[in-house]
There are 2 protein chains.
Amino acid sequence: MNRKATALDVAKRAGVSRSAVSLVLNGRGDGNVAKESQDRIRLAAQELKYSPNAIALSLRNQRSRVIGIVSDEVVVSPFDGNIIGGADDVARSRGFVTVVMDTERDAARDASAIETLLDRQVDGLMYVTVGLKPLDVPHGMLRVPSVLANCYDSSPKPQLHHVIPDEITGGRDATEHLLQLGHRDIALLAGAEGSPAAPLRVEGYRDAYAAAGLSVRADRITMAGWDIDAGFHGAMKLLDGVSPAERPTAIMCANDRLAIGVALAAARLGLSIPADLSVMGYDDEARIADTMVPALTTMALPLREIGRAAMTTLLDTIEGVSGADTAETNVETMVPCRLVIRESTGPAPTR
Amino acid sequence: MNRKATALDVAKRAGVSRSAVSLVLNGRGDGNVAKESQDRIRLAAQELKYSPNAIALSLRNQRSRVIGIVSDEVVVSPFDGNIIGGADDVARSRGFVTVVMDTERDAARDASAIETLLDRQVDGLMYVTVGLKPLDVPHGMLRVPSVLANCYDSSPKPQLHHVIPDEITGGRDATEHLLQLGHRDIALLAGAEGSPAAPLRVEGYRDAYAAAGLSVRADRITMAGWDIDAGFHGAMKLLDGVSPAERPTAIMCANDRLAIGVALAAARLGLSIPADLSVMGYDDEARIADTMVPALTTMALPLREIGRAAMTTLLDTIEGVSGADTAETNVETMVPCRLVIRESTGPAPTR
DNA sequence: TTGAAAGCGTTACCAG
DNA sequence: CTGGTAACGCTTTCAA
């Protein structure tokens with residue numbers, strides 16, 4: 001646990017001054033320091049395993065090459081962690097590191113996390129949420145380049161760029177997949193009221209119906225909730241004791257957990273998926289959708305892409321890349337969802 | 001985006017010197033600074049919203065009150081995030097903050113994450129994994145007080161304290177719950193080979209059988225895997241086309257996803273849970289076990305407790321709390337799992 | 001009771 | 001081409 005080597009140690013060992021060390025190790029040696037000294041410096045640095053002290057560097061340069069990521073509950077919840085994964089990919093590839101702080105949905109902690117990060121000279125901030133939602137943007141975020149991922153500035157005058165999934169198109173594409181398979185009566189288990197994502201997915205569903213010249217039956221749309229039991233009870237209501245002619249031939253779910261509930265209900269009722277009933281999920285949740293029996297056709301949320309896009313615009317503004325967004329330019333990036341066809345959807349049964 | 005107030009700004013506004021500001025704001029004002037000046041200083045600090053620059057502080061004090069948490073994939077995976085939540089609770093309550101870096105299972109990134117954290121003067125390090133596993137401890141962790149959560153030093157001479165769940169007792173308690181309900185033929189879907197947790201849970205299962213004076217049937221234990229499909233196929237093999245007398249009356253699963261697969265199979269076979277078949281999960285995965293239909297009886301992994309315990313021992317050694325572990329004292333803390341009884345287990349069917 | 005100065009490890013500037 | 005010096009913001013010691 002002995003102290004790390006400093007630039008001074010390297011200088012001494014190489015028999016030069018600190019400044020020479022600094023110049024050489026930052027690639028500005030040529031034309032400033034004798035070749036011979038350069039070699040000695042580099043050798044000494046290696047022998048001492050010298051790496052500059054990041055703290056001193058930050059203090060000196062007033063920047064740290066660190067991006068702070070604040071999340072409402074991405075770390076502790078099972079969802080959406082890949083947004084952070086994608087963001088980190090991009091950050092690393094551009095020579096930045098990310099540090100994450102999760103506030104477990106406590107708004108008071110948001111502010112203090114951001115203050116902490118700011119105090120440590122982060123060069124930029126990113127706020128990530130579990131599930132699309134409006135955000136009361138913490139004040140500190142405006143003091144440094146910042147971006148929102150999977151959430152958006154809920155104030156009347158949005159200041160921050162945000163990156164979100166295109167839920168309307170997602171809902172539409174999912175519905176169209178089913179329509180193309182010949183389904184004409186598609187029930188929608190639509191998630192819970194109060195979530196911003198749910199109504200958008202419903203809107204996409206309506207769009208697809210309209211585009212196909214079909215009219216939607218209001219009673220086919222249920223704001224069921226987001227969990228397995230909601231899917232189960234929703235499906236039972238739709239299917240149990242209902243004659244085949246009256247049954248929807250497909251159930252589209254607003255997430256994969258609902259689809260599990262639907263599958264449970266179908267199995268209990270002796271209905272086979274997809275022969276008797278097609279089931280669609282949404283999210284493509286890892287270790288759920290792909291391992292379901294049958295494997296779930298679903299609309300994948302572009303989590304990594306959201307993270308990548310958000311980090312890219314953030315770093316572009318930090319590094320002043322030309323074309324980087326200013327207050328004027330677009331404040332919204334929408335990333336398309338991706339249809340993943342597996343085994344839970346098939347041709348509508350003939351009746 | 002104008003610069004933050006510094007101690008010098010406060011001093012100027014209060015008409016005193018920088019040092020006075022420092023003394024007063026660190027509670028060492030009495031006996032050193034006139035009461036009157038103290039008030040002026042505090043007022044000025046408030047007006048300027050002064051808070052000390054953490055970077056300068058770290059540089060000066062050679063410590064940061066930051067704990068670095070490195071994870072193999074806790075952030076991006078859906079599992080075990082609550083370990084970090086628990087750790088953060090304890091850290092905050094003791095005036096530390098945590099920053100998380102996820103290396104997405106890339107050992108090369110472990111080392112660099114730790115180097116980055118060390119360069120930023122973290123006062124301590126914690127490594128967290130998804131699922132119990134041996135860890136090839138990255139070298140840098142030995143340069144600063146460190147602790148392992150949900151993993152353990154795989155080297156012959158373990159150096160670091162680790163905190164892990166008591167899987168053997170967990171397996172035993174789960175089995176005993178079923179035994180107490182009258183089950184005598186309990187099948188075990190035991191997870192995958194190669195995972196350290198699986199054999200421990202099996203050992204607990206054997207212990208419970210032994211304690212009850214029962215002998216285990218080797219063919220009742222299947223290393224099935226960890227996912228829904230494995231549970232489904234495992235259950236089908238156990239149940240499909242097997243006469244009631246030959247069927248196990250309960251299936252114990254090494255995690256909740258396997259239990260989903262089992263429930264799916266049971267429903268398809270017209271078996272009712274728990275009347276015909278009791279099903280146990282393991283993990284008490286959020287939004288899965290509690291919302292299953294029927295709600296899953298399961299063995300809850302003490303994730304938050306693991307995080308809390310790990311952070312507590314870490315901070316104790318950092319702050320030199322008496323009784324804090326030294327190289328001599330215990331290197332292992334085992335946290336008990338917690339039986340959560342819901343609706344998927346019931347009395348063994350009479351036959 | 002107060003203020004000046006040193007030092008934490010860097011880098012950038014400017015004489016030599 | 002080189003080495004000393006200032007500055008980043010803070011705390012602590014020492015002298016006034």
Side-chain angles (χ1 to χ4, degrees), chain A residues 2-42 44-45 48-66 115-116 118-123, chain B residues 2-42 44-45 48-66 115-116 118-123:
Chain A
N2 42 15
R3 252 179 63 270
K4 250 188 62 171
T6 76
L8 183 57
D9 298 327
V10 177
K12 272 189 196 150
R13 188 179 189 99
V16 298
S17 75
R18 295 204 280 292
S19 3
V21 173
S22 172
L23 284 175
V24 171
L25 265 26
N26 289 307
R28 228 153 330 128
D30 288 347
N32 287 316
V33 180
K35 294 260 179 263
E36 194 192 39
S37 307
Q38 295 198 31
D39 291 341
R40 278 209 315 282
I41 290 170
R42 265 187 277 267
L48 265 40
K49 289 203 226 300
Y50 169 77
S51 73
N53 177 311
I55 294 279
L57 239 162
S58 301
L59 184 59
R60 174 71 242 241
N61 295 341
Q62 306 288 35
R63 39 188 207 74
S64 58
R65 298 196 82 76
V66 173
E115 220 51 52
T116 299
L118 250 19
D119 280 349
R120 306 205 80 78
Q121 303 273 30
V122 292
D123 294 344
Chain B
N2 43 16
R3 252 181 62 270
K4 249 189 63 170
T6 75
L8 183 57
D9 298 326
V10 176
K12 273 188 195 150
R13 188 180 189 99
V16 298
S17 75
R18 297 204 275 295
S19 9
V21 173
S22 172
L23 284 176
V24 171
L25 264 27
N26 288 307
R28 229 155 326 131
D30 288 346
N32 287 317
V33 180
K35 292 259 178 268
E36 195 189 38
S37 307
Q38 295 199 29
D39 291 342
R40 279 208 314 281
I41 289 171
R42 265 187 278 266
L48 266 36
K49 289 204 227 299
Y50 168 76
S51 73
N53 177 310
I55 294 280
L57 240 161
S58 301
L59 185 58
R60 173 68 234 235
N61 296 341
Q62 304 289 27
R63 37 185 210 76
S64 58
R65 298 197 81 76
V66 173
E115 220 50 53
T116 300
L118 250 19
D119 280 350
R120 306 206 83 77
Q121 304 273 29
V122 292
D123 293 344

Quiz item: OP1 or OP2 of C:dG9 sitting under 4.0 Å from any side-chain N/O of B:Gln62?
Solution: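 Answer is yes, contact under 4.0 Å.
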Self-check item: Residue-phosphate contact under 4.0 Å: A:Arg18 side-chain N/O, C:dA12 OP1/OP2
Solution: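 No, outside the criterion.
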Exercise. By nearest nucleotide on DNA chain C, pick out whichever of B:Gly15 and B:Leu59 is the more 5' one.
Key: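 Going by which nucleotide is closer to the 5' end, it is B:Gly15.
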Quiz item: Are A:Arg120 and A:Ser58 close enough, and set up right, to give a side chain to side chain donor-acceptor pair (under 3.5 Å), and what steps lead you there?
Solution: CA-CA 8 Å; A:Arg120 306 205 80 78; A:Ser58 301; over 6 Å; no
Practice problem: Check every atom of D:dC1, D:dT12, C:dT10 against the side chain of A:Tyr50 and return the nucleotide holding the closest atom. | Solution: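 Between D:dC1, D:dT12, C:dT10, the one nearest the side chain of A:Tyr50 would be C:dT10.
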Quiz item: Between C:dG3, C:dT1, D:dC10, which nucleotide gets closest to the side-chain atoms of B:Pro52?
Solution: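 The answer is D:dC10, which lies nearest to the side chain.
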Could you check how far [atom1] of [X] sits from [atom2] of [N], rounded to whole Å?
X	N	atom1	atom2	result
A:Ile41	C:dT10	CD1	P	14 Å
B:Arg28	C:dT1	CZ	P	16 Å
A:Leu8	C:dT10	CG	P	9 Å
B:Leu25	D:dG9	CG	C1'	14 Å
A:Arg40	D:dT2	CZ	C1'	12 Å
B:Leu23	D:dT13	CG	P	10 Å
B:Asn61	C:dG9	CG	P	12 Å
B:Leu57	C:dG7	CG	C1'	14 Å

Taking any heavy-atom pair under 4.0 Å as a contact, classify [X]: base, sugar-phosphate, or nothing.
X	result
A:Asn32	base
B:Ala20	nothing
B:Arg63	nothing
B:Ser37	sugar-phosphate

Practice problem: Taking all non-hydrogen atoms of both residues into account, name the closest pair between A:Leu48 and A:Ala5 and its distance. | Solution: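 Closest pair (atom of A:Leu48, atom of A:Ala5, distance): O-CB, 3.7 Å.
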Quiz item: Of the non-hydrogen atoms in B:Val10 and B:Ala45, which two are nearest, and what is the gap between them?
Solution: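 So the two residues come closest at CG1-N, 3.9 Å.
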Quiz item: Taking for each residue the nucleotide of DNA chain D bearing the nearest heavy atom, is the 5' side occupied by B:Ala56 or by B:Ser19?
Solution: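 On the 5' side of the pair lies B:Ala56.
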Quiz prompt | Non-hydrogen side-chain atoms of B:Asp119 and A:Ser51 separated by less than 4.5 Å | solution =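 Yes. Closest side-chain heavy atoms under 4.5 Å.
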Exercise. Go through B:Gln38 and B:Leu23 one step at a time and tell me if the side-chain contact (heavy atoms from CB on, under 4.5 Å) criterion holds.
Key: CA-CA 9 Å; B:Gln38 295 199 29; B:Leu23 284 176; over 6 Å; no
